[in-house]
There are 2 protein chains.
Amino acid sequence: MKQSTLCPRFEKAVSLLSQRWTALVIYQMLDAPQRFGAIQSAIGVSGKVLSDRLKDMEQEGLVKRDVYPETPVIIEYSLTDKGRSLEPVLRDIEQWSQDWIPPKTSDETDLTESHQ
Amino acid sequence: MKQSTLCPRFEKAVSLLSQRWTALVIYQMLDAPQRFGAIQSAIGVSGKVLSDRLKDMEQEGLVKRDVYPETPVIIEYSLTDKGRSLEPVLRDIEQWSQDWIPPKTSDETDLTESHQ
DNA sequence: TATACTTAGTTACATAAAGTAACAAATTAA
DNA sequence: TTAATTTGTTACTTTATGTAACTAAGTATA
């Protein structure tokens with residue numbers, strides 16, 4: 001069990017986007033370049049995994065890492081053109097979530113909110 | 001480390017799509033309803049994980065499971081409206097992969113193909 | 001000078017998810 | 001009776017992710 005008949009480029013794209021946190025990191029950087037700590041607290045990812053993910057994404061050419069030797073040093077992550085070109089995908093997902101995901105998931109039993 | 005400032009509906013959508021195999025299973029069913037074995041061999045997923053995924057996706061209302069008591073029995077999986085509504089997302093990813101993923105990944109050194 | 005604080009991570013360890021291979025139940029075919 | 005097919009399941013291994021403590025470099029504070 002290892003063959004597929006799918007287009008390898010499509011498979012690759014899907015595997016990038018289905019890495020946990022990758023989509024959220026890109027989404028976060030759509031607004032502006034971000035520092036490590038900002039990304040971490042915005043999306044709630046651990047330092048270890050964020051560190052791994054940023055390295056992967058740099059490797060894949062989605063993200064650029066800039067060092068500003070201010071004092072203290074500032075390290076800023078931003079999207080490359082390739083990374084930014086995923087914006088439509090993220091916006092589609094955002095729109096879909098508004099259209100199809102109910103405001104509260106059914107296992108949160110907060111009766112002060114109406115359910116779909 | 002567990003808070004995020006993101007919209008929970010968007011987070012939910014991203015978590016669905018970043019489950020490994022989910023996007024490929026949906027993509028596969030865009031063409032037509034499919035049987036278990038067909039999905040398995042089309043995308044190269046193990047029986048165990050496909051079984052888990054289809055249950056998850058049924059639970060999430062993305063996929064419908066129909067039993068046709070022919071002999072032998074036929075079990076067919078198809079997309080619900082909610083599942084099908086992800087088509088634009090998948091098509092965007094497909095398009096993006098054609099625009100931005102090179103034909104061969106750089107670690108496959110097949111020199112009979114030209115590289116980007 | 002010693003202590004504490006901040007940023008950008010890393011390390012060691014624990015838990016969860018995914019992969020592999022063998023197996024099972026139901027039915028049909030040889 | 002034996003084998004084959006379909007739709008899974010079970011037991012076990014490997015990989016990915018999460019948690020918490022720690023580090024290094026620089027700055028500020030007492």
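Every chain is numbered from 1 and lettered A, B, ... according to where its sequence line falls, protein lines coming before strand lines. Excluded from the calculations below are hydrogen atoms, water molecules and symmetry mates; all remaining heavy atoms, backbone and side chain alike, are included.
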Open item on the list: Show, in sequence, the C-alpha distance, side-chain angles and deciding distance for A:Lys55 and A:Glu58, and conclude whether the salt bridge (charged side-chain N to carboxylate O under 4.0 Å, His left out) test is met.
Closed with: CA-CA 5 Å; A:Lys55 281 177 199 155; A:Glu58 216 187 327; over 6 Å; no
- [ ] Please report, rounded to the nearest Å, how far the C1' atom of D:dT7 is from the OH atom of B:Tyr68.
- [x] 16 Å
- [ ] Just call it for B:Gln19: base, sugar-phosphate, or nothing, with non-hydrogen atoms closer than 4.0 Å on any strand.
- [x] sugar-phosphate
Open item on the list: On a heavy-atom basis, which atom in A:Trp96 and which in A:Ile101 lie closest, and how many Å separate them?
Closed with: CZ3-CD1, 3.6 Å
Task: Contacting residues from residues 48-59 of chain B, given that a heavy atom lies under 4.0 angstrom of DNA chain C - done: B:Lys48, B:Val49, B:Arg53
Open item on the list: Between A:Arg20 and D:dA16, is there a contact of a side-chain N or O with OP1 or OP2 at under 4.0 Å?
Closed with: no
- [ ] Count the heavy atoms belonging to other residues, nucleotides or ligands that lie under 6.0 Å from CG of B:Asp81, then report whether that count exceeds 12.
- [x] no
- [ ] Could you tell me the separation between the CD atom of A:Gln34 and the C1' atom of C:dG9, rounded to a whole number of Å?
- [x] 17 Å
- [ ] Using only side-chain N and O atoms of B:Tyr77, determine if any of them is under 4.0 Å from OP1 or OP2 of D:dT6.
- [x] no
Task: Between P of D:dT5 and CZ of B:Arg35, the distance in whole Å - done: 13 Å
- [ ] Would you check if the side chain of B:Lys82 reaches a backbone N or O of B:Glu60 as a donor-acceptor pair within less than 3.5 Å?
- [x] yes
Open item on the list: Measuring to OP1 and OP2 of C:dG19, would you say a side-chain N or O of B:Trp21 lies under 4.0 angstrom away?
Closed with: yes
- [ ] Measure across B:Gly83 and B:Ile26 and return the closest heavy-atom pair with its distance rounded to 0.1 Å.
- [x] O-CG2, 4.0 Å
- [ ] Using atom types as modelled and distance alone, determine if a side-chain donor or acceptor of B:Arg84 lies under 3.5 Å from a backbone N or O of B:Leu79.
- [x] no
Open item on the list: Starting the side chain at C-beta, find the nucleotide from C:dA8, D:dT19, C:dA18 nearest to A:Ser46.
Closed with: D:dT19
Open item on the list: Measure CD1/A:Ile39 against P/C:dT7 and give the value in whole Å, please.
Closed with: 14 Å
TODO: May I ask you to decide if A:Gly44's main-chain N or O and B:Ser4's side chain share a donor-acceptor pair within less than 3.5 Å?
DONE: no
Open item on the list: Output the rounded distance in Å from CD (B:Gln40) to P (D:dT6).
Closed with: 11 Å
Open item on the list: Measure CZ/B:Phe36 against P/C:dA26 and give the value in whole Å, please.
Closed with: 18 Å
